Amino acid sequence: MPEGPAPAPVTQRLRVRYAKRGRLRFTSHRDISRAVERAVRRAGIPVAFSGGFTPHPKISYAGAAATGVASEAEYLEIGLTETRDPARVRADLDAALPPGLDIVDVVPVRAGRGDAPVRPSAFADRLEASEWRIRLDGVPEGDAAAAVAAFMAAENIEVERLTKKGRRRFDVRAAVSACELDRRAAEAADAPCAILRMVVRHSTPAVRPDDILTGLRQVADLAPPSPPLVTRLAQGPLDADTGGLADPLDPDREIGLPSGDDAETARGPVRPQPGDAASVDAVSA
């Protein structure tokens, strides 16, 4: 059987940070990928396709949050057959997506040294940890503080969860590099609650916020009366000195945006974002 024409080569790769907010937190990853593909077509972005009998757009995702969890820091990479201004792609793609899937940032992928190509896993390697906010409605701050202190004082805390390889027991304490009460956010909340902020290393198997809540229940009998509200605030390289997370797109920012009038035109209108961070919270799985 004669082969068809070869697909157009990738001439530019863009890395995209997007947020999953509001009701869109309940959207599955498969539905989000379909929404992104439709938005790319509507926005007229020249996405590259794979070869073969069933070509697919060259869009890949890294570190996607689970269904039911909101996020301010989801990432994807898209290959283009023509060079485009990242600011214009950000504006056009954001306008084509439904409210709640919001494009936060777009940067071009920095080329490899010399003729060396960029490894597909290079960006995923930067996502070493995530920062999470967990809102526990109806939980007194004193109870939450005692539970956090007991959790952080423990050497190891094993929990059990059903994974793709069956039921597994694993230590959740080792993955948590920081965990504390966010008293200021709790004071500003619209109802009595305790709010935890934590930095969790990415590991195998992945330690999820609900695993940590299981650990808090084990060590301190902390059992929220209603489902917790979970939001990923950031993910990226973990700074061993400060314990904070760096922006994983920073190494790619050497390729700048256009300047002057071209830059202002390229940015286009910006979709208004929710003002209250609590509005993007999601129910944990």
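Quantities reported herein were computed from a predicted structural model and do not represent experimental measurements.
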Electrostatic pair [X]:[Y] at N-O distance under 4.0 angstrom:
{"X": "Arg21", "Y": "Glu72", "value": "yes"}
{"X": "Arg133", "Y": "Asp182", "value": "no"}
{"X": "Arg208", "Y": "Asp210", "value": "yes"}

Between [atom1] on residue [X] and [atom2] on residue [Y], distance to nearest 0.5 Å:
{"X": "Arg88", "Y": "Ile45", "atom1": "CZ", "atom2": "CD1", "result": "10.5 Å"}
{"X": "Leu233", "Y": "Met198", "atom1": "CG", "atom2": "CE", "result": "11.0 Å"}
{"X": "Arg41", "Y": "Arg38", "atom1": "CZ", "atom2": "CZ", "result": "7.5 Å"}
{"X": "Thr231", "Y": "Glu131", "atom1": "OG1", "atom2": "CD", "result": "11.0 Å"}

If Ile, Leu, Val, Met, Phe, Trp and Tyr residues are connected whenever their side-chain heavy atoms lie under 4.5 Å apart, and connections chain through other members, are [X] and [Y] in the same group?
{"X": "Val230", "Y": "Leu181", "result": "yes"}
{"X": "Val219", "Y": "Val172", "result": "yes"}
{"X": "Ile59", "Y": "Val16", "result": "yes"}
{"X": "Leu127", "Y": "Val107", "result": "yes"}
{"X": "Phe49", "Y": "Val36", "result": "yes"}

Would you say that [X] contacts [Y] through its side chain, given a criterion of any heavy-atom pair below 4.5 Å between the two side chains?
{"X": "Pro209", "Y": "Pro228", "result": "no"}
{"X": "Val10", "Y": "Leu80", "result": "no"}
{"X": "Tyr18", "Y": "Val104", "result": "no"}

In chain order, what residues pass the side chain to side chain contact (heavy atoms under 4.5 Å, CB included) check against [X], with sequence neighbours excluded?
{"X": "Ser33", "value": "Tyr61"}
{"X": "Ala223", "value": "Arg217"}
{"X": "Pro205", "value": "Arg161, Arg168, Phe170"}
{"X": "Ser203", "value": "Ala175, Val207"}

Would you list the atom pairs, donor with acceptor, under 3.5 Å between side chains in residues 140-160 and any protein atom, with sequence neighbours excluded?
residue	atom	partner	partner atom	Å
Glu141	OE1	Arg183	NH1	2.9
Glu158	OE1	Arg169	NE	3.4
Glu160	OE2	Arg167	NE	2.9

Check side-chain hydrogen bond (donor to acceptor under 3.5 Å, both in side chains) between [X] and all other residues, then give those that pass, not counting sequence neighbours.
{"X": "Asp190", "value": "Arg135"}
{"X": "Arg17", "value": "none"}
{"X": "Asp105", "value": "Arg253"}
{"X": "His56", "value": "none"}

Test side chain to side chain contact (heavy atoms under 4.5 Å, CB included) applied to Leu136 and Leu216, Leu222, Ile195, the passing residue
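Result for side chain to side chain contact (heavy atoms under 4.5 Å, CB included) with Leu136: Leu222.
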Apart from Val199 itself, what residues make up its hydrophobic cluster when side-chain heavy atoms of I, L, V, M, F, W and Y under 4.5 Å apart count as a link, directly or indirectly?
Leu238, Leu245
Carefully, step by step, assess Arg15 and Glu77 under the rule salt bridge (Lys or Arg N to Asp or Glu O under 4.0 Å).
CA-CA 4 Å; Arg15 285 178 178 147; Glu77 183 174 307; 3.0 Å; yes
Under 3.5 Å, is there a donor-acceptor pair between the side chain of [X] and the main chain of [Y]?
{"X": "Arg201", "Y": "Ala129", "answer": "no"}
{"X": "Arg232", "Y": "Trp132", "answer": "no"}
{"X": "Thr81", "Y": "Pro46", "answer": "yes"}
{"X": "Lys20", "Y": "Val69", "answer": "yes"}

According to salt bridge (Lys or Arg N to Asp or Glu O under 4.0 Å), who are the partners of Glu128, at least two apart in sequence or on a separate chain?
none
Contacts satisfying ring-ring contact (aromatic ring centres under 6.0 Å, His included) that involve residues 75-100 (not counting sequence neighbours) are Tyr75-Phe123
CZ of Arg42: more than 12 outside heavy atoms within 6.0 angstrom?
yes
Run the side chain to side chain contact (heavy atoms under 4.5 Å, CB included) test on Ile78 and Arg84 for me, step by step, so that the C-alpha distance in whole Å, both residues' side-chain angles and the decisive distance to 0.1 Å come before the verdict.
CA-CA 12 Å; Ile78 181 170; Arg84 289 289 187 269; over 6 Å; no
Determine whether the side chains of Ser130 and His202 contain a donor N or O and an acceptor N or O closer than 3.5 Å.
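Short answer, yes.
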